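Heads up, the thing below is written out as structure tokens.
Heads up: numbering here begins at 1 and tracks the sequence. Since this is a predicted model, take the numbers as computed values, not measurements.
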Amino acid sequence: EHMHHGFYEPDARVSGSESDHRAAQIRMIEESLRFAAVPEDVEKRPKKVVDVGCGIGGSSRYLAKKYEAQCQGITLSPVQAQRANSLAAAQGLAEKAVFQVGDALNQPFPDGEFDLVWSMESGEHMPDKAKFVSELARVAAPGGTMIIVTWCHRDLESSEDSLSKWEKDHLDKICRAFYLPEWCSTSDYVKLLQSLNLQDIRTADWSENVAPFWPAVIRSALTWKGFTSILRTGLKTIRGALVMPLMIER
Ligand code: SAH
């Protein structure tokens, strides 16, 4: 259901079992909510959530259940939106978690609509980070919370004006395999958020917490079941799978 990294204690020894990956992916959702201090009590907890770049809607269904919130997800993929809606219906959440095709850079929602704006590992797909962030802020209600969990490159030193050649080549390989546009750093995001006058901006680097995820996924891909299912999904997935080990090079 989830198309994002798992969250682990740094250097955790992780088994290759699928239920472990799934538990770690749910931990990623919980850690994100905890980091952003999203209130749990009935009065203050989120009531309207937008899930920007929703995949097949795992986060929305989780948040709809956890907070009894009304969740709306957007994705560029009609296949994902359809699958997300049918999973919601199968889980009795057809009214609470609703999905549609929509562009994060031009969201199909009015201003100030949502008290929780959620973007889980979709920012790295956005070719225009400024537009992405301004759309997230536009649909957020006054006093609402925005959570952006995304792939970033390291912050640059004041003496640098770009990443090293080696780092750029390394990122290019990942971008080609996952069809990603250019990356930015956490501090680039902070500058964008500050330019929109948002308050209480907090960041964290969770590289160490997500690092155990790829080795665990690769171990399960190396089982016969994993291997045949990768073959079934076709060449594009195989290319992504071959690049995964790059992401865990230190
Ligand atoms: N948040 C989901 C999916 C992450 S995968 C999860 O955690 O499971 C990235 C998602 O971003 C995919 O659903 C992809 O369709 C979506 N996406 C990429 N660019 C987008 C855009 N411009 N507008 C809306 N969704 C986008």
Side-chain angles (χ1 to χ4, degrees), residues 2-12 14 21 24-25 27-29 31-32 34-36 51-55 59 75-76 103-105 117-137 146-196 198 200-218 236-237 239-250:
H2 302 286
M3 296 162 63
H4 59 253
H5 283 84
F7 185 102
Y8 302 87
E9 286 312 308
D11 296 322
V14 188
H21 309 333
Q25 288 176 311
R27 205 175 308 124
M28 171 63 94
I29 297 177
E31 288 293 329
S32 305
R34 196 155 69 106
F35 181 78
D51 183 358
V52 179
C54 62
S59 294
T75 167
L76 284 184
D103 186 356
L105 302 182
V117 176
W118 176 266
S119 161
M120 174 59 73
E121 297 195 20
S122 65
E124 57 271 23
H125 295 270
M126 307 301 164
D128 182 343
K129 309 292 187 216
K131 183 75 178 137
F132 170 55
V133 169
S134 75
E135 276 293 272
L136 295 178
M146 280 167 56
I147 300 181
I148 307 172
V149 180
T150 186
W151 304 4
C152 289
H153 68 60
R154 68 172 174 85
D155 288 339
L156 298 180
E157 302 293 332
S158 52
S159 58
E160 294 174 310
D161 53 19
S162 73
L163 294 172
S164 72
K165 169 146 186 356
W166 180 86
E167 288 169 326
K168 283 195 218 158
D169 291 347
H170 194 70
L171 284 183
D172 279 350
K173 285 185 200 145
I174 295 170
C175 290
R176 274 200 301 277
F178 291 100
Y179 302 92
L180 299 177
E182 217 177 314
W183 296 32
C184 69
S185 67
T186 312
S187 61
D188 293 331
Y189 265 111
V190 169
K191 278 184 217 134
L192 290 174
L193 295 164
Q194 281 167 340
S195 74
L196 297 168
L198 298 175
D200 193 10
I201 301 167
R202 296 179 214 170
T203 67
D205 176 355
W206 285 353
S207 306
E208 300 290 327
N209 303 95
V210 300
F213 187 66
W214 288 115
V217 171
I218 288 165
K236 287 182 183 166
T237 311
R239 195 158 77 154
L242 289 175
V243 169
M244 280 178 196
L246 268 183
M247 299 184 63
I248 52 175
E249 263 177 32
R250 297 280 183 100

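Residues passing the salt bridge (charged side-chain N to carboxylate O under 4.0 Å, His left out) test with D200, sequence neighbours excluded: R202. For S164, the side chain to side chain donor-acceptor pair (under 3.5 Å) test picks out E167, with sequence neighbours left out. Residues that satisfy the side chain to side chain donor-acceptor pair (under 3.5 Å) test with S32, not counting sequence neighbours, are absent from this structure.
Of the inter-residue distances, the one linking I147 atom CD1 with I29 atom CD1 reads 10.5 Å to the nearest 0.5 angstrom. Distance NZ/K168 to CH2/W183: 15.0 Å, rounded to 0.5 Å. Atoms CE and CD1, on M126 and I148 in that order, are 10.0 Å from each other to the nearest 0.5 Å. In this structure, the separation between CG on N209 and CZ on R27 is 10.0 Å, given to the nearest 0.5 Å. For the atom pair CE (M28) and CZ (F213), the distance works out to 8.5 Å, reported to the nearest 0.5 Å. With rounding to the nearest 0.5 Å, the separation of CZ in F7 from CZ in F35 is 10.0 Å.
Across every non-hydrogen atom of G55 and T75, the tightest pair is O-CG2, 4.2 Å. In plain terms, the two heavy atoms of L196 and S134 that are nearest each other are CD1-CA, 3.8 Å. C175 approaches P181 most closely through the heavy-atom pair SG-O, 3.6 Å. Of all non-hydrogen atoms in H4 and Q25, the two that sit nearest each other are O-NE2, 2.7 Å. Between D103 and L76, the shortest heavy-atom contact is CA-CD2, 4.0 Å. Of all heavy-atom pairs between G53 and S122, the closest is CA-CB, 3.8 Å.
L192 is listed as a side-chain neighbour of K129, based on a closest heavy-atom distance under 4.5 Å. Proximity of T150 to E121: side-chain heavy atoms (C-beta onward) are nowhere separated by under 4.5 Å.
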Next item on the list: I would like to know whether W206 and E31 meet side-chain contact (heavy atoms from CB on, under 4.5 Å); could you show each step before the answer?
Entry: CA-CA 10 Å; W206 285 353; E31 288 293 329; 3.9 Å; yes
Next item on the list: Test side-chain contact (heavy atoms from CB on, under 4.5 Å) on D155 and T186 and set out the steps.
Entry: CA-CA 6 Å; D155 288 339; T186 312; 3.9 Å; yes
Check: Can I201 and Y189 be said to form a side-chain contact (heavy atoms from CB on, under 4.5 Å), step by step?
Finding: CA-CA 10 Å; I201 301 167; Y189 265 111; over 6 Å; no
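Between the side chains of S59 and D51, no donor N or O sits under 3.5 Å from an acceptor N or O.
A salt bridge links D169 with K165: at least one charged nitrogen is closer than 4.0 Å to a carboxylate oxygen.
For R34, the CZ atom is loosely surrounded, since the number of other residues' heavy atoms within 6.0 Å does not exceed 12.
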